[in-house]
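Reviewing the structure listed below.
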There are 2 protein chains.
Amino acid sequence: MLSYTEENYLKAIYHLSNAGERLVSTNELAETMQTKPASVTDMAKKLSAKNLIAYEKYYGVNLLKSGKQEALQIIRKHRLWETFLVDKLGFTWDEVHEVAEQLEHIQSGLLIEKLDKFLEYPTVDPHGHPIPDPSGKIKEVKQIPLAEFPVYKKCTIRAVKNGSPSFLQYLSKIGIYIDASVSIVDKVEFDGSLEVSIDNKKRVFISREAAQNLMVTG
Amino acid sequence: MLSYTEENYLKAIYHLSNAGERLVSTNELAETMQTKPASVTDMAKKLSAKNLIAYEKYYGVNLLKSGKQEALQIIRKHRLWETFLVDKLGFTWDEVHEVAEQLEHIQSGLLIEKLDKFLEYPTVDPHGHPIPDPSGKIKEVKQIPLAEFPVYKKCTIRAVKNGSPSFLQYLSKIGIYIDASVSIVDKVEFDGSLEVSIDNKKRVFISREAAQNLMVTG
DNA sequence: ATTATTTTTTAGATTAATCTAAACTTTTAT
DNA sequence: ATAAAAGTTTAGATTAATCTAAAAAATAAT
């Protein structure tokens with residue numbers, strides 16, 4: 001069985017590598033894990049010895065099949081718990097991450113099975129991120145940043161890319177939420193900021209930076 | 001903040017000492033913690049240095065006020081989670097202990113507050129054990145073992161003392177549950193076993209040992 | 001009241017996860 | 001193409017939680 005720390009490394013590698021698409025460097029991993037490069041090297045050796053990651057000295061790490069599978073299970077648990085916290089306990093979407101970081105490590109297959117059923121088999125979490133199914137499969141939906149969507153055309157907010165609490169709180173404050181129907185009514189040349197209409201009711205200005213982090217579908 | 005292990009020691013001392021009523025020996029504690037006496041001594045020194053327990057060499061340990069308070073908070077979390085697992089997720093009462101042992105260590109005041117509300121402020125867990133309130137207070141109810149209750153008189157099953165999965169499964173199988181209305185219809189001289197009527201519908205035989213572990217009120 | 005037995009503690013190792021400082025590779029820039 | 005900079009690894013410590021074996025104290029038994 002994996003330790004709490006090993007699980008967190010696998011999850012971090014999963015995210016940094018874009019689900020295994022590219023190598024992850026020691027420094028990058030040290031940064032996200034809030035630790036020192038030397039510690040990362042130690043862990044890389046350990047996970048490599050367990051056949052969870054491929055590690056080549058000085059080049060970086062990436063997930064092997066079993067490591068990716070483990071990572072997906074942890075992500076599944078994380079997202080199911082976030083969904084529980086928001087849908088059942090009334091947490092706001094900016095409050096859930098920290099708690100889910102702890103809950104994702106609870107070891108019980110039965111618990112996750114029953115939680116999934118209780119939540120009626122959700123497919124996305126409160127931030128719009130897909131929840132892997134029991135076998136680790138993810139239903140990918142093509143989404144593009146709001147910043148790149150054509151003006152005047154209606155689209156639907158599907159997910160947030162950067163889910164930092166302050167960004168999420170800001171979105172709530174201006175009235176943006178998952179599944180909101182929006183359209184760009186004006187694009188400011190100068191800084192790329194957007195004027196956006198929400199549900200044909202409300203108009204707000206969004207920085208280009210923010211619009212890059214809002215994922216939409218047409 | 002306390003480590004996972006420190007929390008488990010405090011909880012064990014709480015239970016073994018009967019909520020702080022008596023000293024707990026090193027060997028006893030080693031037994032329940034599934035570890036060696038030498039390890040217990042080490043931990044006793046540590047918890048004592050943190051002013052959570054009173055530890056006198058060769059005599060034993062007991063909880064200090066702050067240690068007892070910590071223990072009660074952990075027990076509160078444990079029992080709220082057990083209630084959640086049974087009432088909301090559909091676990092059976094013999095399946096919950098192991099999972100709650102993990103969940104009780106999740107650090108989030110907000111989570112417990114909201115969980116408590118979601119469960120509508122329960123006062124007892126699925127085994128009939130009282131749930132400490134947010135300040136750690138426990139509502140004690142006078143209960144006696146079914147084995148010591150007078151014959152023919154009706155009483156209500158309120159709690160199980162020993163909550164081992166096999167005992168709980170056995171109780172379910174013969175139809176005994178929390179809040180069941182029962183009465184002793186016969187007491188066998190030879191071995192002290194009882195014939196018990198459940199809800200005036202069903203009759204079962206229960207060993208003296210089992211009847212000692214069923215707590216009832218008149 | 002000694003002796004034997006049981007219990008507990010101490011001393012010294014071990015393992016996982018971490019660190020710092022020094023050594024070594026790779027990459028970048030001239 | 002070589003030197004400087006950046007990134008990575010190794011070596012050697014540290015901390016928490018554990019262990020074994022030996023020593024010490026408390027308890028029980030004669």
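Any value given below was found using the heavy atoms of this structure, including those in side chains, with hydrogens, waters and symmetry copies removed. All of these numbers come straight from a predicted model, not from anything done at the bench. Numbered from 1 within each chain, the chains take letters A, B, ... in sequence-line order.
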Round to the nearest Å and state the distance from B/K57 atom NZ to D/dA23 atom P. 16 Å

Nucleic acid contacts - residues 26-41 of chain B versus DNA chain C, non-hydrogen atoms under 4.0 Å: B/T26, B/N27, B/P37, B/A38, B/T41

In whole angstrom, what separates B/Y4's OH from D/dT18's C1'? 16 Å

Assess whether atom NZ of B/K36 is packed by more than 12 heavy atoms of other residues, nucleotides or ligands within 6.0 Å. no

Around atom CD of B/E148, are there more than 12 heavy atoms from other residues, nucleotides or ligands closer than 6.0 Å? yes

Listed partners of A/E7 passing side-chain contact (heavy atoms from CB on, under 4.5 Å), at least two apart: A/L2, A/I74, A/H105, A/Q107

Taking the side chain as C-beta and beyond, is there a heavy-atom pair between A/L85 and A/W93 under 4.5 Å? no

Spacing between B/L23 atom CG and C/dT8 atom C1', to the nearest angstrom: 14 Å

Please check this pair: side chain of A/E28 against backbone of A/S25, looking for a donor-acceptor N/O pair closer than 3.5 Å. yes

Please name all residues satisfying side-chain hydrogen bond (donor to acceptor under 3.5 Å, both in side chains) with B/Y58, sequence neighbours left out, ordered by chain then number. none

Would you confirm whether B/Q69, through its side chain, and B/S135, through its main-chain N or O, come within 3.5 Å as a donor-acceptor pair? yes

In whole Å, I'd like the distance from the CD atom of B/E56 to the P atom of D/dA25. 14 Å

Show the atom names and distances, to 0.1 Å, of all donor-acceptor pairs under 3.5 Å that link a side chain in residues 210-217 of chain B to residues at least two apart or in another chain.
{"from": "B/N213", "atom 1": "OD1", "to": "B/N162", "atom 2": "N", "distance (Å)": "3.3"}
{"from": "B/N213", "atom 1": "ND2", "to": "B/E209", "atom 2": "O", "distance (Å)": "3.1"}
{"from": "B/T217", "atom 1": "OG1", "to": "B/R158", "atom 2": "NE", "distance (Å)": "2.9"}

Is B/Y55 touching bases, backbone alone, or none of the nucleic acid, heavy atoms closer than 4.0 Å? sugar-phosphate

Rounding to a whole Å, what distance do you find between A/L2:CG and C/dA16:P? 13 Å

Taking CG from A/N8 and P from C/dA16, how many angstroms apart are they, rounded to a whole number? 18 Å

Pull out every protein N or O sitting under 3.5 Å from an N or O of nucleotides 1-5 of chain C, one pair per line with the distance.
none

Every protein N/O within reach of nucleotides 22-24 of chain C N/O, cut-off under 3.5 Å:
none

Would you say A/S25 places a side-chain N or O within less than 4.0 Å of OP1 or OP2 belonging to D/dG7? no

Given A/I131, which of A/D116, A/I138, A/T83 fulfils the side-chain contact (heavy atoms from CB on, under 4.5 Å) condition? A/T83

Enclosure of A/E98 CD (heavy-atom neighbours >12, cutoff 6.0 Å): no

Would A/F84 and B/F84 count as a close aromatic pair, with their ring centres under 6.0 Å? yes

Length of the line joining A/D42:CG and D/dT9:P, which is rounded to integer Å: 10 Å

Atom-pair distance (NZ on B/K45; P on D/dA16), nearest Å: 14 Å

